[in-house]
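Each remark here refers to the structure printed beneath this line.
One is the number of the first residue; the rest follow in order along the sequence.
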Amino acid sequence: MKFLRRLCLAILLVYLLPALASAGWWYVKERPGNWREADWTSAHILPKPSDDREAAIYIFTATTGGMKGAVASHSWIVTKGQGDTTYNRYDKVGWGSPIRRNGYPADARWYSNTPQLVVSIKGDEAGRLISKVEQAIQSYPYSTPGGYRIWPGPNSNTFVAHVLRSVPELGAVLPPDAVGRDYLPGGKLFSVDADGLDIHATIYGLLGVSAGLRSGLEVHFMGLVAGFDVMRPAVKIPALGRFGV
């Protein structure tokens with residue numbers, strides 16, 4: 001009984017309190033009432049593609065809309081080949097064609113929320129990796145209509161996390177508020193990244209752990225993530241995000 005009480009207390013302190021604090025702040029925050037009122041225009045983070053001849057790969061994340069925005073973000077992928085004059089943006093969405101290409105400007109706000117860069121790769125390295133990224137996008141198993149579920153996944157973050165694990169050279173992990181990132185495609189309970197440097201064990205993204213050079217050490221509970229990074233020192237707080245280098 002002591003163990004159960006301590007476990008419940010740990011869950012309350014580590015996961016539920018940050019989520020409740022974030023929900024309280026979100027409730028009083030000024031935000032659009034629905035998607036029609038939201039701003040979906042460019043945040044002008046990226047240079048105009050015609051002004052930047054280098055190949056590039058970007059991963060973005062932004063707080064999502066509705067009450068789920070209190071604990072969750074939406075992520076997407078942007079690529080541009082060398083000399084290309086346009087970006088290609090890939091989102092996993094729950095309406096229409098599930099993997100949407102260029103449905104929004106590359107660096108557009110999401111439900112009026114300014115996006116944040118998770119990773120940026122440019123030049124020869126980006127040119128080398130773009131084909132791998134595109135192959136990973138094509139291999140995503142939930143790319144047909146109906147292949148979307150807000151929680152625990154597969155959702156937009158499941159899609160981007162699949163690409164990051166398939167192309168570990170991107171060197172990135174989605175932030176802890178990217179709910180759905182830990183849902184492994186195909187209902188797998190265990191996965192090792194393509195380069196073997198990160199491992200993941202999960203019960204459908206609801207309860208699990210990740211460990212490795214990129215992930216650090218993470219414990220997942222009901223889609224919320226707590227942990228810390230070693231290579232880039234930081235603490236990961238459920239619903240609130242990553243704080244550190």
inquiry  = Show, in sequence, the C-alpha distance, side-chain angles and deciding distance for S210 and H200, and conclude whether the side-chain hydrogen bond (donor to acceptor under 3.5 Å, both in side chains) test is met.
reply    = CA-CA 4 Å; S210 291; H200 314 273; 2.8 Å; yes

Does the pair [X]/[Y] count as a salt bridge with the N-to-O cut at 4.0 Å?
| X | Y | result |
| --- | --- | --- |
| D52 | K122 | yes |
| D84 | R53 | no |
| D39 | R109 | yes |
| D198 | R165 | no |
| D195 | R214 | yes |
| R31 | E37 | no |

inquiry  = For K48, I'd like to know if atom NZ has over 12 heavy atoms of other residues, nucleotides or ligands within 6.0 Å.
reply    = no

request  = Taking atom CE of M67 as the centre, report whether more than 12 heavy atoms of other residues, nucleotides or ligands fall under 6.0 Å from it.
outcome  = yes

Do the side chain of [X] and the main chain of [Y] share a donor and acceptor less than 3.5 angstrom apart?
| X | Y | value |
| --- | --- | --- |
| K236 | V225 | no |
| R242 | P175 | no |
| K188 | T202 | no |
| D177 | S73 | no |

Taking atom [atom1] of [X] and atom [atom2] of [Y], what is their separation to the nearest 0.5 Å?
| X | Y | atom1 | atom2 | answer |
| --- | --- | --- | --- | --- |
| S131 | L129 | OG | CG | 7.5 Å |
| Q135 | S166 | CD | OG | 10.0 Å |
| Q116 | D107 | CD | CG | 12.0 Å |
| D193 | S215 | CG | OG | 6.5 Å |
| L46 | Y58 | CG | OH | 5.0 Å |
| K80 | N88 | NZ | CG | 10.5 Å |

request  = Return each pair, listed once, that meets ring pair (Phe, Tyr, Trp, His ring centres under 6.0 Å) where at least one residue sits in residues 105-147; pairs must be two or more places apart or across chains.
outcome  = W40-W110, W40-Y111, H74-W110, Y104-W110, Y140-Y142, Y140-F159, Y140-H162

Nearest heavy-atom neighbours spanning [X] and [Y]:
| X | Y | answer |
| --- | --- | --- |
| W26 | G66 | NE1-O, 2.8 Å |
| L189 | I203 | CD2-CA, 4.2 Å |
| I99 | K92 | CG1-CD, 3.9 Å |
| S112 | P32 | OG-CG, 3.7 Å |
| G69 | T63 | O-CG2, 3.3 Å |
| A172 | L164 | O-CD1, 3.8 Å |

Within one Ile-Leu-Val-Met-Phe-Trp-Tyr cluster: [X] and [Y], side-chain cutoff 4.5 Å:
| X | Y | value |
| --- | --- | --- |
| F228 | V219 | no |
| V78 | V93 | yes |
| W25 | L240 | no |
| I137 | V119 | yes |
| L170 | V173 | no |

query = After noting the C-alpha distance and the side-chain angles of E169 and E125, does the key distance pass the side chain to side chain contact (heavy atoms under 4.5 Å, CB included) rule?
reply = CA-CA 9 Å; E169 298 96 323; E125 180 70 359; 4.3 Å; yes

ask   = Is any side-chain heavy atom of I45 less than 4.5 Å from a side-chain heavy atom of P115?
value = yes

key: I59 and L174, any side-chain heavy atoms less than 4.5 Å apart   = yes

Criterion side chain to side chain donor-acceptor pair (under 3.5 Å) against S75, the qualifying member of T158, T61, N157 = N157

request  = For the pair Y90 and T79, evaluate side chain to side chain contact (heavy atoms under 4.5 Å, CB included) and give the outcome as yes or no after the intermediate values.
outcome  = CA-CA 9 Å; Y90 300 91; T79 65; 4.0 Å; yes

inquiry  = Does I57 form a side chain to side chain contact (heavy atoms under 4.5 Å, CB included) with V133? I'd like the steps, not just the answer.
reply    = CA-CA 9 Å; I57 301 171; V133 169; 4.0 Å; yes

ask   = Under 30°, 30 to 60°, or over 60°: which ring-plane class applies to F60 and W76, parallel, tilted or perpendicular?
value = parallel

query = What pairs with W151 under ring pair (Phe, Tyr, Trp, His ring centres under 6.0 Å), at least two apart in sequence or on another chain?
reply = none

task = List the steps, then state whether side chain to side chain contact (heavy atoms under 4.5 Å, CB included) holds for R101 with R89.
result = CA-CA 6 Å; R101 179 174 174 176; R89 170 173 170 160; over 6 Å; no

